[in-house]
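Labels below follow one simple rule: chain letters A, B, ... track the order of the sequence lines, proteins then strands, and each chain is numbered from 1. Everything numeric here is computed off the predicted structure, so don't read it as measured data.
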Protein chains: 2
Amino acid sequence: MAIPFPGQAVRGSTTGKPIMALLDLLGRTWALGILWHLNKQSLTFRELQSCCEKISPTLLNSRLKELRQLNLVTHNESGYCLTDMGQELFQIILPLGDWSTQWAADLNQEQNNDT
Amino acid sequence: MAIPFPGQAVRGSTTGKPIMALLDLLGRTWALGILWHLNKQSLTFRELQSCCEKISPTLLNSRLKELRQLNLVTHNESGYCLTDMGQELFQIILPLGDWSTQWAADLNQEQNNDT
DNA sequence: TATTGTGCTACAGTTTATGTAGCGCGTAAA
DNA sequence: TTTACGCGCTACATAAACTGTAGCACAATA
């Protein structure tokens, strides 16, 4: 799967708009999960594998290559970690955590109303 | 593909944590793109198809079913649109737009430094 | 020298997504 | 009243993406 560089045609858009490249990237299996897990601490390849249950090493490696080339993730002595840019991106998606618990509560509420 | 309800096992996690369901959902092909395009206005099925270049009607329909069941998207007289909860979610991911342009600029910068 | 842990790669099998055709429905003009 | 249009889809063959398991090459430690 081609790496979605801003400025190039990506899945969903031929315009080259950066947001479209980003949405393509984040919309790939495990990409969001990898960013999410790398926030707290550096993780080795195999630690990442066990965090992301059932990710195959083949795919983990592909995603890591993409994230590294797009300057969101890097690799140091203690394993894989977010770059500064990756941290910025994480700060944006961080509120998804709290929001999702409210979302889950509302879905439950609704389900109860139906019964 | 099973709909990732919070509280149930999803791709990447068997814990049932809402954030994991959300990351599974948003990590599916086109899900983020659909939310992004529906923000400004309601769109018919066929308008969505042409916004999301190259999405197949089969898949668009699957994603819409998921998003509707998870109470993020609904369907009214003028087409598909975000629910209140969908709007909330959109507000969280909205900053991705501005951030992505900076990200694209930084990537370019870096590329120039290498040459 | 053997063991353990690292980051991977190979590859067959399965799942997911695409691409094209077209159906059934409602509206509305001829 | 039938022809035509746009709507939301569905069917299905083909293609692409992902999984699961095995195991390689390398480095550090025992």
Side-chain angles (χ1 to χ4, degrees), chain A residues 1-4 8-14 20-21 23-35 37-38 41-70 72-83, chain B residues 1-4 9-14 20-21 23-38 41-70 72-83:
Chain A
M1 214 175 176
I3 298 180
Q8 299 183 3
V10 298
R11 183 176 59 181
S13 176
T14 55
M20 287 305 157
L23 293 184
D24 180 0
L25 177 72
L26 297 182
R28 295 178 180 196
T29 317
W30 299 108
L32 277 168
I34 291 171
L35 292 175
H37 287 300
L38 281 183
Q41 72 268 200
S42 291
L43 293 173
T44 67
F45 189 92
R46 294 187 184 208
E47 284 169 341
L48 261 176
Q49 262 189 289
S50 62
C51 275
C52 304
E53 307 166 23
K54 299 202 179 171
I55 190 173
S56 63
T58 317
L59 187 59
L60 177 55
N61 189 236
S62 310
R63 284 296 163 273
L64 286 172
K65 275 183 187 163
E66 294 163 7
L67 292 168
R68 289 166 84 171
Q69 285 217 43
L70 291 169
L72 297 173
V73 162
T74 189
H75 191 229
N76 61 22
E77 316 80 49
S78 51
Y80 286 97
C81 62
L82 297 181
T83 62
Chain B
M1 215 173 176
I3 297 179
V10 298
R11 183 175 59 182
S13 176
T14 56
M20 288 304 156
L23 294 184
D24 179 359
L25 178 73
L26 298 182
R28 295 180 179 193
T29 318
W30 297 108
L32 277 167
I34 291 170
L35 292 175
W36 195 262
H37 287 299
L38 280 184
Q41 74 265 198
S42 291
L43 294 173
T44 67
F45 190 93
R46 294 186 186 207
E47 284 169 341
L48 261 176
Q49 262 188 290
S50 61
C51 277
C52 303
E53 307 166 24
K54 299 203 178 169
I55 191 173
S56 62
T58 317
L59 188 58
L60 177 54
N61 190 238
S62 309
R63 285 295 165 271
L64 286 172
K65 274 183 188 165
E66 294 163 7
L67 292 167
R68 289 167 82 171
Q69 285 217 43
L70 291 170
L72 297 172
V73 162
T74 189
H75 191 230
N76 62 23
E77 317 78 51
S78 51
Y80 287 97
C81 61
L82 298 181
T83 62

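Whole-Å rounding puts the A:Gln49 CD to D:dG20 C1' distance at 11 Å. When the C1' atom of C:dG26 is taken as reference, atom CZ of B:Phe45 falls 17 Å away, rounded to whole Å. The nearest whole Å value for the distance from the NZ atom in B:Lys54 to the P atom in C:dA17 is 17 Å. To the nearest angstrom, P of C:dT18 lies 9 Å from CE of A:Met1. Across the protein-nucleic acid pair, A:Leu59 atom CG and C:dA10 atom C1' stand 15 Å apart, rounded to whole Å. Between A:His75 atom NE2 and C:dG7 atom C1' there is a gap of 7 Å when expressed in whole angstrom units. Rounded to whole Å, atom P of C:dT15 lies 15 Å from atom CZ of B:Arg28. Atom P of nucleotide C:dT16 and atom NZ of B:Lys65 are separated by 15 Å, given to the nearest angstrom.
OP1 and OP2 of C:dT18 both lie 4.0 Å or more from every side-chain N or O belonging to A:Arg11. A close approach under 4.0 Å does not occur between any side-chain nitrogen or oxygen of B:Ser56 and OP1 or OP2 of C:dA17. When the side-chain nitrogen and oxygen atoms of A:Trp30 are compared with OP1 and OP2 of D:dA17, none of them lie within a distance under 4.0 Å. Checking the phosphate oxygens (OP1, OP2) of D:dT10, a side-chain nitrogen or oxygen of B:Asn61 falls inside 4.0 Å.
Checking C:dT16, C:dT9, C:dG7 against every side-chain atom of A:Pro57, the shortest atom distance belongs to C:dT9. Side chain of B:Ile55, nearest nucleotide from C:dT6, D:dC7, C:dT18: C:dT18.
Just one of A:Val10, A:Leu35, A:Leu67 meets the side chain to side chain contact (heavy atoms under 4.5 Å, CB included) condition when paired with A:Leu25; it is A:Leu67.
Nearer to the 5' terminus of DNA chain C, by closest-nucleotide assignment, is the contact made by A:Ser78 (compared with the other of A:Ser78 and B:Thr58). Residue-to-nucleotide proximity on DNA chain D shows that, of B:Arg46 and A:Thr29, the 5′-proximal contact is made by B:Arg46.
No donor-acceptor pair closer than 3.5 Å links the side chain of B:Gln69 to the backbone N or O of B:Ile3.
The minimum heavy-atom distance linking A:Ser42 with A:Glu47 is given by the pair O-OE1, 4.1 Å. Taking each heavy atom of A:Gln49 and A:Pro57 in turn, the nearest pair found is NE2-CD, 3.6 Å. For A:Pro4 against A:Asp24, the heavy-atom pair with the smallest separation is CB-OD2, 3.6 Å.
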